[in-house]
Each structure stands twice: as C-alpha cells, then as structure tokens.
Amino acid sequence: MTQVFSTYEIIDKKKRAQDLSTEEIKWFIDGYLKKTIPDYQMSAFLMAVYFQGMSVTELAALTDSMLYSGKTINFTDPTVVDKHSTGGIGDKASFILAPIAAAAGVKIPMVAGRSLGFTGGTIDKIEAIKGFKTQMPLDEFKNMVTKRGLVLIGQTEEIAPADKLIYALRDVTATIDSIPLITASIMSKKLAEGARGIVMDIKVGHGAFMKKIKDARALAKSIIATAKRFDRKCTAIISDMNQPLGFAVGNSLEIIESIETLKGRGPADLELLSVELAGQMIYLGGIAKTPAEGIKKAQAVLKSGKALEKFREMIKNQGGDERVIGNYDLLPLAKVKTDVLSEKSGYVQSFENQAIGQYLNEIGGGRKVKTDKIDFGVGFYFHKKVGDPVKKGEKLLTIYHNENQKAQIQDLKKIFTKEIIKVSAKKVKALKVIIEKIGK
Ligand code: URA
C-alpha cells in the first residue's frame with residue numbers, strides 16, 4: 001500500500017530546512033504529476049527548495065522521481081553521448097557541435113529545451129526552419145539515433161514528464177536558479193534519453209542562471225556526481241555568459257549564424273566553444289584517446305564540410321526544409337532593420353546580458369507567459385564584443401523587427417546605448433569564452 005503524507009507538512013518541513021525522506025519526495029512528485037497536488041503547492045515547495053537547498057540524499061530522490069516519472073531508454077553503445085547547456089544569450093552551440101560530433105562517429109540523442117526565463121531555447125530556434133519536427137514517439141527517436149546518429153527533439157510526454165511540468169512552473173515562479181532544481185531537471189532528461197556520456201556547458205555571468213563562478217563550479221560538481229551515480233561519463237566546461245555567444249540573438253538570426261559557422265565563417269568564440277564541446281563528446285564516446293585528440297578531430301570535421309552535411313541530413317530526416325542551408329530567405333527573418341549607433345568613442349566595456357534576453361522576449365522573440373507564440377523573425381545582431389574599439393556613430397547592433405514595432409524600437413535604441421552596452425574611454429580586456437574544465 002502506498003504511504004500517504006501531508007502536502008502541507010512536506011512544504012513546511014522543507015521551509016524549516018528539515019530533510020525530507022525519499023518516500024516523501026517521491027510521493028510529492030507523483031502527486032503533482034497526477035494533479036492531486038496543485039500548482040500553488042508545488043510552487044511553494046520549489047521556493048522552499050530554492051531557499052533551503054537539498055541534501056545529497058534528497059537530490060537523489062528528486063532526480064530519480066523525475067527520471068522515472070516517464071519512460072527511459074538504455075543505450076549500450078558507448079558512442080552514444082549528449083551535451084546540455086544550462087542556458088544563455090545567443091547560445092546556439094548545439095547546432096554546431098552536434099553535427100561535428102555526429103560526423104566524427106558519435107551518436108547523439110539530443111532532448112533539448114524551449115526558452116526558460118531570459119534564456120533562449122534550442123527547440124524554439126530550430127523550429128524557425130519550416131517543417132522541422134521536434135516531437136516523435138520514443139521508438140522512432142531511438143531508431144533514428146541508432147540508424148542516423150543525430151536526432152534533436154523537445155521534451156515529450158514520455159521523457160521525464162515531471163520535469164516538463166515543473167520546468168514550465170519554475171519559469172514563471174522565479175525558481176530557476178537553484179542548484180538542486182537545475183541538477184534534477186537536466187539529469188532526469190539526460191538519464192532518461194539513455195546517453196552513456198554527457199558533456200555539460202555550464203554558463204556563468206550576467207546572462208546565465210549561475211552569476212558566480214563558485215556557484216557554477218558547485219552546479220558542475222552536483223551534475224557530475226549524479227552522472228557517476230548512474231555510471232555515466234560526464235565532463236563540464238564552464239563558459240562565459242557576460243556577453244552574447246557569437247553576434248546573433250534571436251531565432252532566425254541564430255540559425256543563420258550557426259550555418260555560417262558550419263561553413264567556416266562563424267564568430268571565433270562560437271566556433272571555439274563548439275569545437276571544444278564536440279571534442280569532449282568525441283573523447284567521451286571513445287572515438288579519441290584524449291580530449292585534445294577529440295578537439296583535433298572536431299576541427300578537422302568542421303573544416304572538411306562534413307559537419308555541415310550532417311546538419312543538412314538532420315534537417316531532412318526531421319522533415320525540415322534543408323534548402324535553408326543555401327538560401328537564408330527561406331527563414332522568417334523580420335524585414336525591418338534599425339541600427340543602434342554608439343554615442344561615444346572608446347572600447348566596449350560590458351553588456352547587460354540578462355537584459356538582452358529580456359528585451360528579446362519583449363519584442364516577441366521569446367515568451368513572457370506560457371501560452372505566448374514566438375516570433376522567429378525578430379532579434380539583435382551585435383557588431384562588437386567586449387574589448388573591441390568603437391567610434392562615435394559606429395554601429396553597435398542592428399535590431400530586426402516588424403513594421404508595427406517602430407515606436408517600441410525607438411525606446412529600445414535609447415535603452416541599448418544608455419543601459420545595456422557600456423563604452424569606456426580606457427582600453428578593456430577581451431573576455432575568454434572558456435573559463436574552466438571540470439572532470440576529465
Ligand atoms: N536547463 C534545463 O534543462 N533545466 C534547468 O533547470 C536549467 C537549464
């Protein structure tokens with residue numbers, strides 16, 4: 001017989017920093033899935049976890065309850081490896097690293113997310129390509145991984161459904177940036193999709209959920225420990241999120257920048273990070289003897305054009321219009337462009353990166369409420385990185401928008417020059433995209 005607990009007492013215990021038992025946590029998650037526990041009580045529970053954290057045992061119970069809330073796949077093939085990012089601004093690295101690693105022989109069962117808070121979502125971005133199917137039955141997903149080597153889907157009802165529900169609730173209750181909640185969310189999905197190895201990109205900075213390096217390290221350790229408990233290989237890269245990754249922010253613009261990078265014409269930071277993460281995947285999959293050898297293989301694959309072909313193949317396999325690779329007009333990019341010019345000469349000092357994500361949502365590129373439809377066309381294309389010299393009157397960024405948004409864009413122009421992009425008279429050091437590597 002299943003034990004019955006009190007929802008109120010579980011929330012109250014967590015609020016008072018008392019440890020919950022494995023049975024209590026499982027009962028709570030099951031109740032939420034069955035809808036016997038309503039959103040408001042789950043929200044209170046999440047906020048209590050946000051403030052009080054979780055012990056190692058509690059985190060294991062939460063992860064397992066979310067993982068086994070749906071079906072799980074178990075690949076025995078050691079070359080099945082995936083990557084996951086904690087989310088950022090302009091983070092399109094998956095579209096580059098996944099085809100690179102797949103072209104080198106890694107099999108990738110990628111289950112990615114939609115936008116969360118101020119960060120963009122891989123699934124929203126790929127849906128800018130007409131026809132691209134991001135949902136499929138689990139059997140089809142598994143077959144495609146084995147036969148084609150690369151599949152990218154969104155979370156389904158079958159994979160970690162508890163995370164799907166809790167993720168959407170965290171998005172609107174200010175409970176995203178919690179180490180145990182992020183660990184359980186990411187690992188329930190990654191463990192359910194069956195990858196033998198997982199490469200984590202932990203973002204740190206203004207435009208990330210982890211603002212401080214010490215929290216990014218703690219999150220990396222928490223995820224690696226969870227992977228170890230399930231006998232999965234895992235490495236983490238801590239990467240900078242104090243400025244957008246690459247130059248493009250916004251769904252269609254990011255797809256174009258990804259394709260350009262696969263053609264060898266991408267921004268240096270985006271290429272460097274993608275090649276590093278792909279190299280780690282190649283190494284974890286046993287296709288290279290060391291991470292350095294994995295990175296070399298990744299560079300060679302990118303240069304040969306094989307990664308671009310893999311990306312084209314993935315679009316075709318999943319019903320998308322692969323002609324987009326040679327014709328960007330097939331993307332629904334907004335037609336009106338407004339340049340934002342620098343008001344002074346100097347050096348780019350900083351970006352309010354989180355605000356960039358929030359303003360993208362404001363102009364329709366992301367969601368403000370769960371039911372919002374995304375405008376794939378709007379976005380920001382930055383012309384500068386931190387440390388770059390800039391002259392008065394030179395372009396800082398170009399805003400892509402719709403005709404009926406002209407008044408809103410005039411306000412945004414002022415916000416960008418006054419609050420978001422700071423220009424200093426003194427020289428500023430460029431930022432390194434890769435900050436630290438944790439694990440092998
Ligand atoms: N990505 C996820 O899948 N979950 C989180 O909680 C944060 C980023």
Within a radius of less than 6.0 Å around [atom1] of [X], do more than 12 heavy atoms belonging to other residues, nucleotides or ligands occur?
{"X": "D231", "atom1": "CG", "answer": "no"}
{"X": "K263", "atom1": "NZ", "answer": "yes"}
{"X": "K316", "atom1": "NZ", "answer": "no"}
{"X": "K422", "atom1": "NZ", "answer": "yes"}
{"X": "R148", "atom1": "CZ", "answer": "no"}
{"X": "K296", "atom1": "NZ", "answer": "no"}
{"X": "D339", "atom1": "CG", "answer": "yes"}

Donor + acceptor pair across side chains of [X], [Y] (<3.5 Å):
{"X": "S239", "Y": "K203", "result": "yes"}
{"X": "S115", "Y": "R367", "result": "yes"}
{"X": "E276", "Y": "Q280", "result": "yes"}
{"X": "T183", "Y": "T226", "result": "no"}
{"X": "S85", "Y": "D91", "result": "yes"}
{"X": "S94", "Y": "K83", "result": "yes"}
{"X": "N404", "Y": "N402", "result": "no"}

Taking [Y]'s backbone N and O only, do any of them form a donor-acceptor pair with [X]'s side chain (distance below 3.5 Å, no angle check)?
{"X": "R232", "Y": "A195", "answer": "yes"}
{"X": "Q358", "Y": "F118", "answer": "no"}
{"X": "E394", "Y": "K391", "answer": "yes"}

Practice task
Apply side-chain contact (heavy atoms from CB on, under 4.5 Å) to the pair D240 and K432, showing each step before the final yes or no.
Solution key: CA-CA 7 Å; D240 179 72; K432 275 196 179 147; over 6 Å; no

Exercise for the section: Dump the intermediate steps for side-chain contact (heavy atoms from CB on, under 4.5 Å) on Q405 and I363, then the final yes or no. Expected result: CA-CA 8 Å; Q405 291 178 305; I363 63 168; 3.9 Å; yes

Practice task
Would you sort out whether Q408 and Y359 count as a side-chain hydrogen bond (donor to acceptor under 3.5 Å, both in side chains), showing the intermediate values?
Solution key: CA-CA 11 Å; Q408 188 186 11; Y359 282 112; over 6 Å; no

Problem - Worked verdict on D163 versus S185 for side-chain hydrogen bond (donor to acceptor under 3.5 Å, both in side chains) - result: CA-CA 6 Å; D163 177 57; S185 164; 2.9 Å; yes

Practice task
Measure across F380 and L360 and return the closest heavy-atom pair with its distance rounded to 0.1 Å.
Solution key: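 Shortest heavy-atom separation between F380 and L360 comes out as CE1-N, 3.7 Å.
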
Exercise for the section: Identify the two heavy atoms, one from M241 and one from I89, that lie closest to each other, and give their separation to 0.1 Å. Expected result: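 Answer, listing the atom of M241 first, then I89: SD-N, 3.3 Å.
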
Handout entry: Under-4.0 Å salt bridge between K414 and E419
Key =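 Salt bridge: no.
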
Exercise for the section: For the pair Y381 and F247, name the ring-plane relationship: parallel under 30°, tilted 30 to 60°, perpendicular over 60°. Expected result: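 Aromatic pair Y381/F247 classed tilted.
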
Problem - Aromatic plane relationship, F230 with Y68 - under 30° parallel, 30 to 60° tilted, over 60° perpendicular - result: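 Ring orientation, 0 to 90° scale: tilted.
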
Practice task
Quick one: do K337 and I399 satisfy side-chain contact (heavy atoms from CB on, under 4.5 Å)? Show the steps, please.
Solution key: CA-CA 6 Å; K337 290 194 258 179; I399 306 177; over 6 Å; no

Between [Y] and [X], is there a side-chain heavy-atom distance shorter than 4.5 Å?
{"X": "I421", "Y": "K384", "answer": "no"}
{"X": "K107", "Y": "D77", "answer": "yes"}
{"X": "F382", "Y": "T398", "answer": "no"}

Exercise for the section: May I ask you to check whether F45 and Y32 place their ring centres under 6.0 Å from each other? Expected result: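 Distance test on ring centres: not under 6.0 Å, no.
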
Handout entry: K289 to Y283, cation-pi by 6.0 Å centre distance and 45° axis angle
Key =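 Negative - K289 is either too far from the ring of Y283 or too far off its axis.
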
